[in-house]
Amino acid sequence: MNLFRLLQARASAGKPVRVALIGAGKFGSMFLSQVPHTPGLEVPVIVDIDRDRAREACRTVGWDTDRIAATTFTDDGARAIAGGAIDVVVEATGNPAVGIKHARAAIAAGKHIVMVNVEADVLAGPLLAEEARKAGVVYSLAYGDQPALTAEMVDWARATGFHVVAAGKGTKYLPAYHDVTPDGVWQHYGLTASEAQSAGMNPQMFNSFLDGTKSAIEMAAIANACTLGVPTDGLLFPPCGVDDLPHIMRPRSRGGVLERSGVVEVVSSLERDGRPVFRDLRWGVYVVLEAPNDYAADCFRQYGLKTDASGRFAAMYKPYHLIGLELNISVLSAALRGEPTGQANGFRGDVAAVAKRNLRAGEMLDGEGGYTVWGKLVPAAASLKTGALPIGLAHGVKLRHDVAHGAVVRWSDVEFDAGNETVKTRKAMEAAFAAQH
């Protein structure tokens with residue numbers, strides 16, 4: 001509750017918080033739109049593979065010519081991170097390999113790193129966060145995105161003495177979505193291919209939201225940051241509106257759908273027959289909590305909380321998330337308080353590549369949201385035991401063996417370059433955290 005006051009003090013002292021933004025896509029653009037309205041916050045350098053596109057993004061979000069002229073636009077992330085009086089690096093490329101590279105460069109340069117790139121976080125975040133802690137800098141999930149918002153709610157619940165039963169987000173989901181490819185994605189968004197193309201929408205990226213991959217990635221990030229469990233056989237995606245959260249999102253032993261208490265889960269905004277869920281949580285996040293005693297349960301009732309029939313389970317939720325418009329919270333928390341808005345502190349959840357159809361030896365995998373695989377949330381222990389190939393590395397690699405529709409792709413099923421830096425980082429993380437399991 002003190003970020004604005006702390007920022008005002010920095011502004012008054014003539015010491016603004018200075019940010020290097022890497023990736024001027026949608027998330028980055030939303031962040032940039034707030035900068036002119038946040039005295040004490042500056043973005044003197046923007047990194048993007050297309051510098052002209054980055055300049056145009058600034059114009060689109062309302063930057064004036066003077067602010068644009070005072071900004072350095074470059075495609076050299078390493079140089080931008082190493083040089084200049086930068087306090088915080090924001091990594092918003094969405095590319096796991098690039099994200100890991102930038103995170104390590106920021107840590108080496110003594111800069112805080114805000115990881116919009118949750119794909120990189122799930123691939124190697126537990127290792128990167130540990131490296132940042134040892135270096136005395138902040139490694140943080142990005143506020144505005146659902147993992148950080150969920151982590152905040154989990155922290156609130158625990159700090160107030162409640163047991164967290166379940167935490168996660170809402171999304172639009174049907175079981176058939178797991179096999180959808182970029183060719184069929186737009187019908188599920190109510191768009192034609194030409195409409196999507198004219199809007200500059202990437203079919204593979206949007207398909208990763210639909211086929212369950214993005215949900216798995218975000219839940220893995222939450223599990224790793226919040227010491228929460230992961231469902232044994234992947235996310236259930238139960239249809240559930242906000243009023244039913246305390247009833248449905250409780251353990252099976254108490255009448256709900258969860259295999260146990262203390263897990264991440266995603267609720268669907270669609271019933272299994274395609275009908276919309278009443279008062280759905282498609283755009284929001286939630287936490288289900290359990291009263292520790294009868295007195296607290298009585299207070300739930302007295303203050304109007306929706307509960308299950310026992311009165312012991314209740315829910316808090318946030319119906320919307322504003323993506324990059326809220327990113328300032330992470331940037332300022334890192335720079336002014338030295339605190340992350342969510343950070344991996346263990347390896348509990350992983351996202352394994354699963355075949356969308358019968359795959360044949362010699363085929364090339366095309367990664368998140370593509371034609372060949374989707375990402376399934378699995379316990380990290382199970383992933384390590386089976387040698388599952390993480391979705392973040394299931395791109396541009398050739399299959400050595402056939403993989404049946406619905407089967408997990410394993411490291412042993414693909415040809416990979418053991419000398420690749422991203423592969424080496426992932427293998428190092430697996431080795432570092434294997435002892436936990």
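Just so you know, these numbers come straight off a predicted model, no measurement behind them.
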Legend entry - Geometric cation-pi criterion Lys172 and Trp283, 6.0 Å radius, 45° cone: no
Inset, instruction - Establish, yes or no, whether a centroid distance under 6.0 Å links the rings of Phe209 and Tyr173. - result: no
Legend entry - Contact summary for Tyr139 and Gln343, nearest pair of heavy atoms: O-NE2, 2.9 Å
Inset, instruction - Would you check if the side chain of His112 reaches a backbone N or O of Val138 as a donor-acceptor pair within less than 3.5 Å? - result: yes
Legend entry - Ring centres under 6.0 angstrom apart (Trp186, Phe206): yes
Using a 3.5 Å cut-off and no angle test, enumerate the donor-acceptor pairs between side-chain atoms of residues 232-245 and protein atoms at least two apart in sequence or in another chain.
residue	atom	partner	partner atom	Å
Thr232	OG1	Glu259	OE1	2.8
Thr232	OG1	Glu259	OE2	3.3
Asp233	OD1	Lys376	NZ	3.0
Asp243	OD1	Arg279	NE	3.4
Asp243	OD1	Arg279	NH2	3.1
Asp243	OD2	Arg279	NE	2.8

When the side chains of residues 332-340 are checked against the rest of the protein, which donor-acceptor pairs come out under 3.5 Å, sequence neighbours left out?
residue	atom	partner	partner atom	Å
Ser333	OG	Glu339	O	2.8

Legend entry - Pro126 side chain reached by Met429 side chain, heavy atoms, under 4.5 Å: yes
Inset, instruction - Mind checking the CG-CD1 spacing from Leu377 to Ile391? Nearest 0.5 Å is all I need. - result: 12.5 Å
Inset, instruction - Compare every heavy atom of Glu195 with every heavy atom of Ser198, then report the nearest pair and how far apart it is. - result: OG-O, 2.8 Å
Legend entry - No-hydrogen, no-angle side-chain donor-acceptor test under 3.5 Å, Glu152 and Thr150: no
Inset, instruction - State, yes or no, whether a side-chain contact exists between Leu32 and Phe27 at a heavy-atom distance under 4.5 Å. - result: no
Legend entry - Candidate list Ile86, Ile22, Val89, test side chain to side chain contact (heavy atoms under 4.5 Å, CB included), partner Val45, passing option: Ile86
Legend entry - Side-chain heavy-atom pair Leu325, Ser33 within 4.5 angstrom cut-off: yes
Legend entry - Closest contact, heavy atoms only, Leu141 versus Ala225: CD1-CB, 4.2 Å
Inset, instruction - Say whether, by atom type as modelled, one donor and one acceptor occur between the side chain of His163 and the main chain of Glu290 under 3.5 angstrom. - result: no
Legend entry - Over 12 foreign heavy atoms within 6.0 Å of CZ, Arg79: no
Legend entry - Any donor-acceptor N or O pair under 3.5 Å, side chains Asn328, Tyr143: no
Legend entry - Side chain proximity check, Leu393 to Phe416, heavy atoms < 4.5 angstrom: no
Inset, instruction - Take Thr425 and Arg104 through the test side-chain hydrogen bond (donor to acceptor under 3.5 Å, both in side chains) and record every step on the way to the result. - result: CA-CA 10 Å; Thr425 298; Arg104 280 193 153 148; 2.6 Å; yes
